[in-house]
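Quick one: the structure is below, and I'll ask about it shortly.
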Amino acid sequence: MTDKILREIGEFGIIDRIRRWTGSSDPALLQGIGDDVAVIEMRRKVLLATTDILIEDIHFKRSWSDPYRLGRKAIAVNLSDIAAMGGVPKYFLISLGLPKNLSLSFVTSFYRGLKDGSRRFGVDLVGGDTSLSPRIIINICLLGEGTKGGLLFRKGARVGDDLFVSGTLGDAALGLRMLEKGGAKGDASRLIEKHLSPRPRIELGQAIAGHRLATAMIDVSDGLLIDTTHLLKESKVGARIREEQLPLSRPYRKWIRSYSKDLYEIALAGGEDYELLFTAPPEKRKEILTLSHSLRIPITRIGEIVHRKKGLRIVQRDGREYSPDRLGFEHFK
Ligand code: ADP
Ligand code: MG
């Protein structure tokens, strides 16, 4: 079968096809795609709402990825925000800006990626909007639920708490540098894959919140330092981060030398890790370790919460401390 381009199908042709690709057996979803709004029955829960935008040539390049991975990543970055609250993701809407010469197969693969990235967490597509655009624009609004006392916020960290992070840091940012420099060979492709296919920490977030293991939590999307400062600001505290305790993957350690003189720079300031950063009182250490083993997700203590006046300090291997000036990525700067 020959591939069509969107100009031949039109907006409603696209929406009709999207509707055929989706479907839900959720009894609370009274109306999904096909009416003016989606209608969802709510019980005694708190509604969580988050949205994220991905713009071609700002957030991704068509030549670096494929539509399937792009779809998976678009939903993953939103899922990560729900994970950071310890919430349960439920429904999403997606608004798309699409060029008229884009092929239908691009859209098909993109939705397949969306579906694979959302179904495994029990999340359903319930609506969206479609428009012509000179570049691809992807906006997802993800809805989730939680209970009033069962969520974790950026505020809540206390002096004396440990600071923990899940997974490893810097892989995705290093992978992006490699893509910018024209690709990678051998095990370096694992770093690029981290950039293209982030895995949201949904189960971990729910377990941390559900067992009340943490006092505050945030997902690391813009970079460890920037996201740490967000948590510190909301909690009105400071923190000390110990460089030699940062969790670095084997491929990161192997390839970092080709991209930076400093072993830790990209792990500290690079973005798109989509790991969870949280604070917990020291008496929770054993429970956190047990959780890490049972979910098979590394959780590393990288520092501690100190008085607000101390700000954010990085402790180097030799014991010297400094206050970081370059924190990470920020749009418009
Ligand atoms: P309206 O004119 O009310 O905005 P549309 O014709 O744009 O309605 O959309 C019709 C239905 O298709 C709605 O349920 C809407 O949520 C859904 N929809 C539109 N675009 C998309 C999309 N890209 N992905 C999923 N659902 C979509
Ligand atoms: Mg519309």
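Indexing begins at 1, ligand by ligand and atom by atom, following the structure's order.
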If you measure from the Lys or Arg side-chain nitrogens to the Asp or Glu carboxylate oxygens, is any gap between Lys194 and Glu272 under 4.0 Å?
-> no
Where ligand 1 meets Asp36 - atom numbers and elements under 4.0 angstrom, heavy-atom basis |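 It comes down to these atoms of ligand 1: 3 (O).
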So, are Glu275 and Arg201 salt-bridged, with charged N and O less than 4.0 Å apart?
-> yes
Residue portion contacting ligand 1 (non-hydrogen atoms closer than 4.0 Å) for Val37 | neither
Short side-chain donor-acceptor distance under 3.5 Å, Arg154 and Ser235 |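 No - no donor-acceptor pair under 3.5 Å links their side chains.
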Does any N or O atom in Gly34 lie less than 3.5 angstrom from one in ligand 1, N or O only?
-> yes
Derivation and outcome, salt bridge (Lys or Arg N to Asp or Glu O under 4.0 Å), residues Arg242 and Glu304 = CA-CA 9 Å; Arg242 293 168 197 283; Glu304 66 267 344; 2.8 Å; yes
Do any N or O atoms from the side chain of Thr22 and from the backbone of Leu125 form a donor-acceptor pair under 3.5 angstrom?
->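 No, Thr22 side chain to Leu125 backbone: no donor-acceptor pair under 3.5 Å.
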Could you list which atoms of ligand 1 come closer than 4.0 Å to a heavy atom of Asp35?
-> 13 (C), 14 (O)
Quick one: does ligand 1 sit under 4.0 Å from the side chain of Ile33, the backbone, both or neither, non-hydrogen atoms only?
->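 Answer for Ile33: both.
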What do we get for Ile18 next to ligand 1 when only non-hydrogen atoms under 4.0 Å count, side chain, backbone, both or neither?
-> side chain
Going by the order shown, which atoms of ligand 1 are within less than 4.0 Å of some heavy atom of Phe12?
-> 6 (O)
Charged N to carboxylate O under 4.0 angstrom, Arg135 versus Glu56?
->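 Salt bridge: no.
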Per-residue contact class, Trp21 against ligand 1 - non-hydrogen pairs under 4.0 Å =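 Neither; nothing of Trp21 gets under 4.0 Å from ligand 1.
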Distance filter under 4.0 Å to Asp129 heavy atoms, resulting ligand 1 atoms | 7 (O), 19 (C), 20 (N), 21 (C), 23 (N)
Shortest reach to atom 18 (N) of ligand 1 by a heavy atom, considering only Ala38, Gly128, Gly32 =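 The option holding the nearest heavy atom is Gly128.
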Per-atom contacts of ligand 1 with Gly127, taking only distances under 4.0 Å to non-hydrogen atoms |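 Here the atoms of ligand 1 in question are 16 (O), 25 (C), 26 (N), 27 (C).
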Spell out, as yes or no, whether a donor-acceptor pair under 3.5 Å connects the side chain of Glu41 to the backbone of Ala28.
-> no
Donor-acceptor contact below 3.5 Å, side chain Asp318 vs main chain Arg320 |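 Yes; at least one donor-acceptor contact below 3.5 Å.
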Could you tell me which atoms of ligand 1, counted from 1 in the order shown, lie closer than 4.0 angstrom to a heavy atom of Tyr111?
->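 Answer for ligand 1: 22 (C), 23 (N), 24 (N), 25 (C).
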